[in-house]
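Reviewing the structure listed below.
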Amino acid sequence: MSSMRSHIRKLFLKNSNKNQNQKLEELKAQQPTPNTVPHGTVSTNSSSSSLLGLGSPELPIVDYDNISQIPKILTEFPAIYLTNHPLPPAPFNHARALLTLPKDVKDKLRDPGKSTVRGYNNAKASGREWWDYNPAEGMLGPPENTEFEEDTKAFFLKSVEVLQNICRQFNSQQQLIPQEVIDEAGFSTMRYLRYSPDVIDQQPSDENSQTTYNSVLNSRRDGDDGEALPHIEAHTDLDILTLITATEPSGLYVWNRRGKVFSAPPIEGTVFIMAGDIMPFFTSKPEMCPLAQYEGVEAIGENTVLPTAHTVVVPRSAGERYSIAVFLRPKREMVLHRRVITRGGKEVEEETAFWWLATEKLHVEGRKCFLAV
Ligand SMILES: O=C(O)CCC(=O)C(=O)O
Ligand SMILES: [Fe+2]
């Protein structure tokens, strides 16, 4: 575990630029690194401990009845497990069935416009393939499989509801998260993922896989024995909140704002919740914005929820990993920031829409988001 942990740390440091490290240093002064989990909100019962075989989980387990505490907990921990939630069983059966279909069938489920957030995609060098349900653009699912369609939609809708309910908790004192995010699904999507050595080993290389996204997304990562590992590079998600549920083997790691790595193995009966890139916009210091020219990192205060940096690395010998992720996003046009600038001698209001972040992020080295559409 510790050697994997240091491998992960190296992965992250390699991908982060000096600026990000400086920011982390600055934030060090502000934030404690809790080694214990908060009382009252957290269960570290023996069943989850023995299930993990690792002792107590490193991240808090929060009961759905206590979601009002999540905004605070997410300023102290990079992610939480949610238990006692109202979600239906995670449709791993469908994820597995779809992602192990013959190649020619999966290729028919690709988006004609080569979107990487709709239908089937793969990153062979990374040993990863995925399929996205994108309600805005319609489901590209296996033909004539109503059960697949129904279960997928049901899990997506309930997950969005849970994430919206968490958002609602940020508004108890003042409206931090816009009401439209809580009322509408916006550009939320759901993803079935498979990490497998089989994906790496598939030959010959698929000409489709290289064209729709950049090389970071499809990078090769070698283990100590020189063999390629199924993985996803360290990144943050371009969304408000992400809900993840996964099968064993474990492989998910997250960082806190001080750069400490936490292992995040699946815990039965829970789903995993992380923050995305948009959270700092909603939770920055009053009247400040991370995008404002002279504010930037100054806008990040102790109540600001930062995006959760995360990675997945699956040891080859451990077998296949499946995960299901739901990304809560506003609609693309939602304005995150307004400012008055002088253009051509005139004062004009400039608006930054959510979708601008997506295109902008494609140019940022390290911590990539994987929403290259
Ligand atoms: O597979 C996972 O657990 C994480 C997937 C992920 O980070 C992503 O698709 O953005
Ligand atoms: Fe992610």
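We count ligands from 1, going down the list as the structure has it; atoms in each ligand are counted the same way. For this chain, numbers begin at 1 and follow the sequence in order.
Here the NZ atom belonging to K124 is positioned 11.5 Å from the CG atom belonging to D198, to the nearest 0.5 angstrom. Residue T242 holds its OG1 atom at 6.0 Å from NE2 of H310, rounded to the nearest 0.5 Å.
Residue contact check: V312 has heavy atoms under 4.0 Å from atoms 1 (O), 2 (C), 3 (O), 4 (C) of ligand 1. Residue R321 approaches ligand 1 through these ligand atoms, each under 4.0 Å from one of its heavy atoms: 1 (O), 2 (C), 3 (O). Those atoms of ligand 1 that come under 4.0 Å of a heavy atom in I244, given as number and element, are 3 (O), 4 (C). When each atom of ligand 1 is checked for a heavy atom of H310 under 4.0 Å away, the hits are 7 (O). Atoms of ligand 1 found under 4.0 Å from any heavy atom of Y195, numbered from 1 in the order shown, are 1 (O), 2 (C), 4 (C), 5 (C).
Under the 6.0 Å distance and 45° angle rule, R96 counts as a cation-pi partner of Y322.
Between R329 and T189, the side chains place a donor N or O and an acceptor N or O closer than 3.5 Å (distance only, hydrogens not considered). For the residue pair E320/Y195, the side-chain donor-acceptor check at 3.5 Å is not satisfied.
The residues R194 and E129 are annotated as salt-bridged, a charged nitrogen and a carboxylate oxygen being separated by less than 4.0 angstrom.
Here T242 has no heavy atoms under 4.0 Å from ligand 1, in either its backbone or its side chain.
The closest approach between a heavy atom of W130 and any atom of ligand 1 is not below 4.0 Å.
As for D237, its N/O/S atom nearest the Fe ion (ligand 2) is the one called OD1.
Rounding to 10 degrees, one finds that the Fe ion (ligand 2) sits at the corner of an angle of 90° between H235 NE2 and H310 NE2.
The cluster map of Ile, Leu, Val, Met, Phe, Trp and Tyr, joined by side-chain heavy atoms under 4.5 Å apart, puts M288 and F282 in different clusters.
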